[in-house]
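Notes follow once the structure below has been shown.
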Amino acid sequence: MLSHLIALHNGQTVPAIGLGTWQSEPNTSEITCAVEHGLKVGYRHIDCALYYGNEKEIGDGLRVSGVPREEVFITSKLWGTYHKRVEECLDLTLANLRTTYLDRRICIYPIYLIHWPIPLNPNGSDPLVPILPNGNFDLDESQDIRDTWKAMEAMVKKGKVKAIGTSNFSEMMLEKILPTAEIIPAVNQLELHLYNPQLKLLDYLKSKKIVPQAYSPLGSTGAPLLTDEFATEIAKKRNLKSTSDILLGYLLKKDIVVLPKSMSPSRIESNLTGALEAYKLLTPEDVKILDGVAAGGKQKRFITPPWGIDIGFDNWPTSAT
């Protein structure tokens with residue numbers, strides 16, 4: 001079963017359901033098997049990032065799946081210590097996946113995102129997560145995010161990627177790059193779920209023709225979304241097998257790309273089929289009820305790195321700024 005497609009402003013389309021790979025252990029066969037199984041049961045979108053440390057294993061899964069490469073839509077991301085070295089970071093990802101964008105014949109690498117709007121010191125204590133002696137993140141305050149975006153645009157002009165976008169960008173951060181951007185971000189990947197719907201930001205993205213993507217759409221490990229009484233009640237009303245179907249279908253109904261992560265073959269498959277079934281069955285009234293859950297007292301972010309600066313998000317804990 002294949003998911004439907006969502007149109008991007010550049011004329012491309014992206015599968016509405018992708019397989020997330022964050023927090024999947026590197027240097028093991030588990031993620032390779034997950035990617036292989038996901039592709040075999042119908043996923044055609046894989047979300048990855050250099051920072052996750054498992055792109056080599058993802059590349060193995062792509063190869064052993066037997067799915068033609070031209071059918072696979074891959075998203076990856078520029079990490080913070082590479083904001084001055086965008087092409088180098090992209091080339092590392094391509095090498096890890098052991099492929100090239102054009103592959104001499106076919107397009108397999110459509111979207112490259114800025115992972116966070118946080119440049120980190122490339123010469124700090126660690127190549128990925130540099131920390132100062134006081135325990136704070138070692139930020140690269142000399143790097144302008146507008147220059148990072150121009151370097152991203154250069155990757156499109158060189159033909160290395162088909163589209164570029166952002167991840168974890170608030171309206172405030174997008175407004176830093178949009179006035180001088182030659183290419184508008186195609187997508188913005190965010191923590192989006194029942195308890196963090198970011199309705200105001202979604203309206204803003206729609207006005208800019210930027211497609212939202214949802215990571216952690218089921219919440220983080222141990223999150224209470226799967227037992228939420230509103231989602232559970234709607235799942236029963238619509239005769240769906242699982243509350244997770246509602247959580248994913250709810251986002252699909254709002255034209256949000258969802259990126260659920262699982263290493264379980266059965267869960268990988270049910271996330272796909274259940275989300276699509278919920279997408280068909282949910283009504284506008286159901287969506288309205290779900291839109292109000294967070295505002296009713298359940299607003300909660302699960303991913304809030306303590307960057308030490310304000311990045312413009314609502315409901316971001318002050319301890320993280």
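For the numbers below, each heavy atom of this structure counts, side chains included, while hydrogens, waters and symmetry mates do not.
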Do side-chain atoms of Ser170 reach the backbone of Ile311 as a donor and acceptor pair under 3.5 angstrom? yes
Are any non-hydrogen side-chain atoms of Leu247 and His193 less than 4.5 angstrom apart? no
Verify salt bridge (charged side-chain N to carboxylate O under 4.0 Å, His left out) between Lys176 and Asp144, making sure each step is shown before the conclusion. CA-CA 9 Å; Lys176 289 181 182 292; Asp144 190 321; over 6 Å; no
Is the shortest side-chain heavy-atom distance between Lys261 and Leu259 below 4.5 Å? no
Is there a donor in the side chain of Ser264 and an acceptor in the side chain of Ser266, or the other way round, less than 3.5 Å apart? yes
Determine whether more than 12 heavy atoms belonging to other residues, nucleotides or ligands lie under 6.0 Å from atom NZ of Lys56. no
Starting at CG of Leu205, measure out to OG1 of Thr166 and round the result to the nearest 0.5 Å. 7.5 Å
Pairing donors with acceptors under 3.5 angstrom, does anything connect the side chains of Lys150 and Thr180? no
Give the ring-plane orientation class for Trp316 versus Phe313, where under 30° counts as parallel, over 60° as perpendicular and anything between as tilted. parallel
Does Glu277 pair with Lys241 as a salt bridge, N-O distance under 4.0 Å? no
Does Leu19 share a hydrophobic cluster with Val64, counting links as ILVMFWY side-chain heavy atoms below 4.5 Å and allowing steps through other members? no
Flag the pair Lys298 and Glu229 as a salt bridge only when some basic side-chain nitrogen lies within less than 4.0 angstrom of an acidic carboxylate oxygen. yes
Can you measure from CG (Asn136) to CD1 (Ile309) and round to the nearest 0.5 angstrom? 11.5 Å
Under the criterion side chain to side chain contact (heavy atoms under 4.5 Å, CB included), I'd like the reasoning laid out for Asp138 against Leu120: C-alpha separation, chi angles, the key distance, then a yes or no. CA-CA 6 Å; Asp138 188 359; Leu120 298 171; over 6 Å; no
Beyond-backbone contact of Ile256 with Leu192, side-chain heavy atoms, under 4.5 angstrom: yes
For the pair Asp286 (side chain) and Thr283 (backbone), establish whether a donor and an acceptor sit closer than 3.5 Å, ignoring hydrogens and angles. yes
Separation between CZ (Arg85) and CG (Asp91), nearest 0.5 Å, reads 12.0 Å
Minimum heavy-atom separation for Leu39 to Gly61, with atom names? CD1-O, 4.3 Å
Measure the OG-CD1 distance between Ser76 and Ile111 for me, rounded to the nearest 0.5 Å. 11.5 Å
Keeping Ser65 on the side-chain end and Lys40 on the backbone end, is there a donor-acceptor pair under 3.5 Å? no
Contacts of His115 meeting ring pair (Phe, Tyr, Trp, His ring centres under 6.0 Å) (sequence neighbours excluded), chain-then-number -> Tyr52, Trp79
Do NZ/NE/NH1/NH2 and the carboxylate oxygens of Arg63 and Asp60 come within less than 4.0 Å? yes
Test of understanding: clusters of I, L, V, M, F, W, Y form through side-chain heavy atoms closer than 4.5 Å, transitively. Do Trp116 and Leu132 belong to the same one? no
Ion pair check, Lys254 and Asp291, cut-off under 4.0 Å: yes
Nearest-0.5 Å distance that lies between atom CH2 in Trp149 and atom CG in Leu174: 8.5 Å
Please list, chain by chain and in numerical order, all residues satisfying side chain to side chain donor-acceptor pair (under 3.5 Å) with Thr13, sequence neighbours excluded. none
Taking Ile303 as the starting point, is it possible to reach Tyr195 by hopping between hydrophobic residues whose side chains are less than 4.5 Å apart? yes
Inter-residue atom distance Asp140.CG - Lys84.NZ, 0.5 Å rounding: 3.5 Å
Step-by-step side chain to side chain contact (heavy atoms under 4.5 Å, CB included) determination, Leu62 to Ile74: CA-CA 10 Å; Leu62 289 168; Ile74 301 176; 3.7 Å; yes
Name the orientation class of the two ring planes belonging to Trp307 and Phe137 (parallel below 30°, tilted from 30 to 60°, perpendicular beyond 60°). tilted
Salt bridge or not between Asp255 and Lys206? Use side-chain N to carboxylate O under 4.0 Å. no
Should Leu5 and Tyr43 be regarded as members of a common hydrophobic cluster, given that ILVMFWY residues are connected when their side-chain heavy atoms come within less than 4.5 Å of each other, either directly or indirectly? no
For the pair Ser216 (side chain) and Glu191 (backbone), establish whether a donor and an acceptor sit closer than 3.5 Å, ignoring hydrogens and angles. no
Just by modelled atom types, is the Pro185 backbone N or O under 3.5 Å from a matching donor or acceptor in the His9 side chain? yes
Under the side-chain contact (heavy atoms from CB on, under 4.5 Å) rule, collect the residues that match up with Ala16, sequence neighbours excluded. Ser3, His4, Ile6, Leu252
Shared ILVMFWY cluster between Leu8 and Leu2, side chains joined below 4.5 angstrom? no
Would you say the side-chain atoms of Glu153 pair up with the backbone N or O of Glu182, donor to acceptor, closer than 3.5 Å? yes
Is there a donor-acceptor pair under 3.5 Å between the side chain of Tyr250 and the backbone N or O of Leu194? no
Could you give me the CA-CA distance, side-chain angles and deciding distance for Ile58 and Thr21, then say whether side chain to side chain contact (heavy atoms under 4.5 Å, CB included) is met? CA-CA 8 Å; Ile58 290 169; Thr21 61; 3.6 Å; yes
Does any part of the side chain of Asp245, heavy atoms only, come nearer than 4.5 Å to the side chain of Leu281, both counted from C-beta? no
Basic-acidic side-chain contact under 4.0 Å: Lys77, Asp47: yes
Can you see whether Tyr279 has Lys253 sitting over its ring - NZ or CZ less than 6.0 Å from the centre and within 45° of the normal? yes
Applying side chain to side chain contact (heavy atoms under 4.5 Å, CB included), run through Ile183 and Met152 and close with a yes or a no. CA-CA 9 Å; Ile183 301 172; Met152 295 284 285; over 6 Å; no
Would you say the side chains of Asn168 and Gln189 form a donor-acceptor pair under 3.5 Å? no
